[in-house]
Enquirer: 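Sending over a structure as structure tokens; questions will come in a sec.
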Amino acid sequence: MAQKPTLPQGTRDFNPLQVHRRKFILNTIEEVFKKYGFMPLETPAMENLNTLTGKYGDEGDQLLFKVLNSGNYLKNLTEYNNKGLLEESRDKTLLPSSDGSLNNLNAKTALPYISEKGLRYDLTVPFARYVVMNRNEITYPFKRYQMQPVWRADRPQQGRYREFWQCDADVIGSNSLLSEAEFLKIYDEVFTRLEIPVVIKINNRKLLSALAALTGSPEKFMDITIAIDKLDKIGESGVAEELKKCELNESQISQIIKFLSLAQSVAPLKELQQLFVGSTEGLQGCNELKKVFDLLMGLQLQNPVKIDVTLARGLSYYTGAIVEVQCTQGDFMASIGGGGRYDNLTGIFGLPDVSGVGISFGLDRIYLVMENLQKFPDYIKANHTKILFCYFDEPTQAFAFAATAKIREAGIAAEIYPDIVKKIGKQLEYANKLNIPFVGIVGSNEMESGKVVIKNLKEGTQEEMSIEKVIEKLKDNN
RNA sequence: GUGGUUUUAGCUCAGCUGGUUAGAGCGCCUGAUUGUGGUUCAGGAGGUCGCCGGUUCGAGCCCGGUAUUCCACCCCA
């Protein structure tokens, strides 16, 4: 009957070493967040579906994990059917067939009746929800950080999982560009600490929006944005083709290509200003970029910050700056962080005119990069036990147990083998497999002298000494 | 959601055009060593070949379905 257990697609277990390494990354990020005055926040894994839907575009809605209602989750559906309430509904297309059978249902039409909760897709929308719910208790500008898992019903591939962690920091209730500059500095600081070489790319949504207006098709903003985002993948001709598919004409396309040519420019800001002469929005985007760079002048960053006019980023709520961080070394070059400014995220929840800006670190991708570049410090191990006590029988067990306690009191991680086993080799083998550097052996001889034999497993040497000496020795060995 | 790919011992993988009893390395267990791991030597255990169905005298191998791995697209951390 034993069935082979498996994991849901796109999820992973983390073994002890992996957990320690992930925590190393998390701690590094958290330390920096705290240093900049951000305060921690945690929100539930589940949100009401109506909090989540419509915030990430159609594509995003599809990637939401929905949670089935509790109890008889088909009840609502059948009741609606039986009572003929279909007629009263404001949108009949969302409802099941009225012939009393559920045969014609599909997932989309049935969804509102069987699910009202979903797993969070990111940390920004739950944060916006929190701000709106606690608007009167919060001191603005509110700076919060949040490091929790998020879920997307995406198809897994390299660096992409269905459950993964984001580490977000946001400032809400201020539209100062100082925040943008601070966030860039935070990116720089974290990745410097983690020893990951990165390039920090920055752009401004206003430029993209102004570009769309400039071509005379402002409604094609999303299409244009998505197309130019692919520049480094499919090249200029590819972008032009994409744009053609979106029904843009030759002169519009050439205008956009001209804009893209600035991607290679050394000083794109000046050229951008020329391009957007006459566009208030475009010029505003330029000015914002300039201001951020001016602020960064005095900060001495370790990693390059580059204007990248092709940087688009999908999330539909960004309105000002958009940033993205890419590793510049190794096999895995995908984005390991991103963020931007959103002027009206809380508006949907009834709190208009609150500007926010934030960034996110992708823990799992940072892990991949660090593994790839071998940047994890050697001192991170699966366990950090310094010494294992071994013994032979009940009296020596009691003695070893007391000795273990004394070592621990001194602040040193110590273990005692829990079972009385005849062979001491078994206990040594345990220490060896767990990479515990020392064992303390307690037999009747040692008990008499009140000392223990300390063996260095790496060197194979051993000597007899008092517990006090052991503590001294292990402290030196840190 | 679309396309390709993977799945054989605990792990990493061989397995020929379909043909006896499915192999290797590592790991695991026992012993050489009744107070010494790691190293060495000798021996041993372990597999419904992802799952369901089909073709065939005969399937790990061929066909269909399904799950899963990894990769690409869409999109994204």
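Proteins come first, then strands; the chains are lettered A, B, ... in the order of their sequence lines, and each starts at number 1.
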Enquirer: Distance check, P atoms only: B:C57 and B:G1, in whole angstrom units.
Expert: 40 Å
Enquirer: Hey, does A:Q462 reach any base, or is it just sugar-phosphate, or nothing, if we go heavy atoms under 4.0 Å?
Expert: base
Enquirer: Figure out the OH/C1' separation between A:Y161 and B:U69, and round it to whole Å.
Expert: 12 Å
Enquirer: Regarding A:Q157 and A:R155, is there a side-chain donor-to-acceptor distance under 3.5 Å anywhere?
Expert: no
Enquirer: Is A:K426 close enough to B:G38 that one of its side-chain N or O atoms is under 4.0 Å from OP1 or OP2 there?
Expert: no
Enquirer: Is A:K423 near enough to B:G37 that one of its side-chain N or O atoms lies under 4.0 angstrom from OP1 or OP2?
Expert: no
Enquirer: Could you work out the separation of B:C76 and B:U17 based on their P atoms and round it to a whole Å?
Expert: 46 Å
Enquirer: Name the pairing partner of B:G43, where a pair is Watson-Crick or G-U wobble with both distances under 3.5 Å, or state none.
Expert: B:C29
Enquirer: Using the C1' atom in both, what is the distance from B:U69 to B:U12, to the nearest Å?
Expert: 15 Å
Enquirer: Identify the nucleotide, in any strand shown, that forms a Watson-Crick or G-U wobble pair with B:A67, with both distances under 3.5 Å; if there is none, say none.
Expert: B:U7
Enquirer: Rounding to the closest angstrom, what is the interatomic distance between B:U8 and B:C49 at atom P?
Expert: 11 Å
Enquirer: Do the side chains of A:K473 and A:E463 get close enough for a salt bridge, i.e. N-O under 4.0 angstrom?
Expert: yes
Enquirer: Assess whether a salt bridge exists between A:R22 and A:D364, defined as any Lys/Arg side-chain N lying under 4.0 Å from an Asp/Glu carboxylate O.
Expert: yes
Enquirer: Toward the 5' end of RNA chain B, which comes first, A:I234 or A:E324, by nearest nucleotide?
Expert: A:I234
Enquirer: What's the closest nucleotide to the side chain of A:Q166 if the choices are B:G37, B:A77, B:G35?
Expert: B:A77
Enquirer: Where the side chain of A:R155 is defined as all heavy atoms beyond and including C-beta, which of B:G35, B:G3, B:C29 is the nearest nucleotide?
Expert: B:G3
Enquirer: Roughly how many Å is it from CG in A:D154 to P in B:G1, rounded to a whole number?
Expert: 11 Å
Enquirer: So what does A:E163 hit on the nucleic acid, given a heavy-atom distance under 4.0 Å: a base, only sugar-phosphate, or nothing?
Expert: nothing
Enquirer: Categorize A:L363 for me: base, sugar-phosphate, or nothing, with a 4.0 angstrom heavy-atom threshold over every strand shown.
Expert: nothing
Enquirer: Over all strands shown, is A:G10 touching base, sugar-phosphate only, or nothing at heavy-atom distances under 4.0 angstrom?
Expert: sugar-phosphate
Enquirer: Could you please name the partner base of B:U2, counting Watson-Crick and G-U wobble pairs only when both distances are under 3.5 Å?
Expert: B:A72
Enquirer: Measure CD/A:Q62 against P/B:C73 and give the value in whole Å, please.
Expert: 19 Å
Enquirer: Would you please confirm or rule out a distance under 4.0 Å between OP1 or OP2 of B:C74 and any side-chain N or O of A:K230?
Expert: yes
Enquirer: Can you measure A:E429 atom CD to B:U33 atom C1' for me and round it to whole angstrom units?
Expert: 14 Å
Enquirer: Calculate the interatomic distance between A:R162 atom CZ and B:C75 atom C1'; express it in whole Å.
Expert: 14 Å
Enquirer: Given B:U36, B:C74, B:C71, which nucleotide is nearest the side-chain atoms of A:R160?
Expert: B:C74
Enquirer: Only one of A:N204, A:V357, A:D170 clears side chain to side chain contact (heavy atoms under 4.5 Å, CB included) with A:R341; which?
Expert: A:V357
Enquirer: Scan every strand shown for a Watson-Crick or G-U wobble partner of B:U12, both distances under 3.5 Å, and answer none if you come up empty.
Expert: B:A24
Enquirer: Could you walk me through whether A:L194 and A:M370 pass side-chain contact (heavy atoms from CB on, under 4.5 Å), step by step?
Expert: CA-CA 8 Å; A:L194 295 176; A:M370 289 186 67; 4.1 Å; yes
Enquirer: Using the P atom on both, measure B:G10 against B:A22 and round to a whole Å.
Expert: 16 Å
Enquirer: NA contact type, A:K455, heavy-atom cut-off 4.0 Å: base, sugar-phosphate, or nothing?
Expert: base
Enquirer: How are the rings of A:F183 and A:F38 set relative to one another: parallel (under 30°), tilted (30 to 60°) or perpendicular (over 60°)?
Expert: tilted
Enquirer: How far, in whole Å, is B:U34 from B:U21 if one measures between their C1' atoms?
Expert: 41 Å
Enquirer: Given the structure, check if the side chain of A:N432 and the base of B:G37 hold any donor-acceptor pair shorter than 3.5 Å.
Expert: yes
Enquirer: Can you tell me, in whole Å, how much space there is between the P of B:U2 and that of B:U66?
Expert: 11 Å
Enquirer: Between A:K451, A:M465, A:K386, which is the residue that forms a side chain to side chain contact (heavy atoms under 4.5 Å, CB included) with A:V470?
Expert: A:M465
Enquirer: Take the protein atom CD of A:E59 and the nucleotide atom P of B:C75, then report the distance between them rounded to whole Å.
Expert: 7 Å
Enquirer: Whole angstroms only, please: what is the CZ-P distance between A:F164 and B:C75?
Expert: 16 Å
Enquirer: Compare the minimum distances between each of B:C75, B:A77, B:G35 and the side chain of A:N445, then state the nucleotide with the smallest one.
Expert: B:G35
Enquirer: When you compare B:C11 with B:G47, how far apart are their C1' atoms, in angstrom units rounded to a whole number?
Expert: 14 Å
Enquirer: Answer yes or no: does atom CD of A:E464 have more than 12 heavy-atom neighbours from other residues, nucleotides or ligands under 6.0 Å?
Expert: yes
Enquirer: Scan A:G159 against the nucleic acid and name what it touches under 4.0 Å (heavy atoms): base, sugar-phosphate only, or nothing.
Expert: base
Enquirer: Under the 3.5 Å rule, do the base of B:G35 and the side chain of A:Q427 count as making a donor-acceptor pair?
Expert: no
Enquirer: Is A:G460 touching bases, backbone alone, or none of the nucleic acid, heavy atoms closer than 4.0 Å?
Expert: base
Enquirer: Determine the contact category for A:F392: base if any of its heavy atoms lies under 4.0 Å from a base atom, sugar-phosphate if only primed atoms, P, OP1 or OP2 are that close, otherwise nothing.
Expert: base
Enquirer: Under 4.0 Å from OP1 or OP2 of B:C73: is there any side-chain N or O of A:K233 that close?
Expert: yes
Enquirer: May I have the distance from A:Q157 (atom CD) to B:U6 (atom P), rounded to whole angstrom?
Expert: 18 Å
Enquirer: Scan A:I336 against the nucleic acid and name what it touches under 4.0 Å (heavy atoms): base, sugar-phosphate only, or nothing.
Expert: sugar-phosphate
Enquirer: Students often get this wrong, so: under 4.0 angstrom with heavy atoms, is A:S335 touching a base, only sugar-phosphate, or nothing?
Expert: sugar-phosphate
Enquirer: Hey, does the side chain of A:S115 reach the backbone of A:L111 with a donor-acceptor pair shorter than 3.5 angstrom?
Expert: no
